[in-house]
Every structure is written in structure tokens, then in C-alpha cells.
Amino acid sequence: MTAVKERIIGAVTMMNDSDAEKFWNIILKNFTPSWDNIEEVEPDAFDLQMLKAIESDPECHQFTPENEIDWEN
């Protein structure tokens with residue numbers, strides 16, 4: 001994680017809930033892409049396989065723990 005990201009996290013950690021909510025709204029307003037700008041693509045074979053598993057396998061709902069997510073890529 002870069003130093004600037006660490007400073008942002010540190011600053012948010014120290015904020016009260018009201019200030020954190022204001023900051024969150026700034027993030028949403030300035031950095032969240034519009035749904036209109038998201039390109040729609042056809043699902044590939046892997047996507048279709050996952051969708052089928054979601055519909056048919058009640059045990060397929062596995063979640064990746066946050067500490068195993070590679071946020072840099």
C-alpha cells in the first residue's frame with residue numbers, strides 16, 4: 001500500500017462518524033463511475049459457469065476473506 005493510502009486510512013480512522021460520512025460522500029461524488037459509463041460485455045464461458053453454479057449449487061456461495069484480496073491489481 002502506498003504512503004498516501006496509508007495516510008488516508010489513518011485520517012479516516014481518527015474521524016468521527018459524521019466527518020467520515022462527509023468524506024465518503026465526497027468519494028462517491030468524485031470517484032464513483034456512473035452506471036452510464038460502464039461498458040456492458042457478454043459473459044464468457046467462465047462467467048456462464050459461475051452463473052450456473054450460483055443458480056444450481058446452494059453451497060457455491062464462497063467468499064474470499066478480505067486479507068486474501070489483491071487490491072493492487
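The chain is numbered in sequence order, starting from 1.
Side-chain N or O atoms of Asn30 include one that pairs as donor or acceptor with a backbone N or O of Ile26 at under 3.5 Å.
Met50 and Leu48 fall into different hydrophobic clusters, where Ile, Leu, Val, Met, Phe, Trp and Tyr are joined by side-chain heavy atoms under 4.5 Å apart, directly or via other members. In this structure, Met14 is not a member of the same hydrophobic cluster as Val4, with clusters built from ILVMFWY side-chain heavy atoms closer than 4.5 Å.
Rounded to the nearest 0.5 Å, atoms CG (Asn16) and CD (Glu21) are 10.5 Å apart. Taking CD of Glu6 as the start and OG1 of Thr13 as the end, the distance is 11.5 Å to the nearest 0.5 Å.
Nearest heavy-atom pair, Glu66 versus Trp71, reported as atom, atom and distance to 0.1 Å: O-NE1, 3.8 Å.
Between Ile8 and Phe23, the closest side-chain pair of non-hydrogen atoms falls below 4.5 Å.
Remark: Asn25 CG is packed, more than 12 non-hydrogen atoms of other residues, nucleotides or ligands lying under 6.0 Å away.
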(request) Apply the test side-chain contact (heavy atoms from CB on, under 4.5 Å) to residues Ile9 and Met1: give CA-CA distance (whole Å), side-chain angles for both, the deciding distance (0.1 Å), then the verdict. (result) CA-CA 11 Å; Ile9 291 170; Met1 181 178 307; 3.5 Å; yes
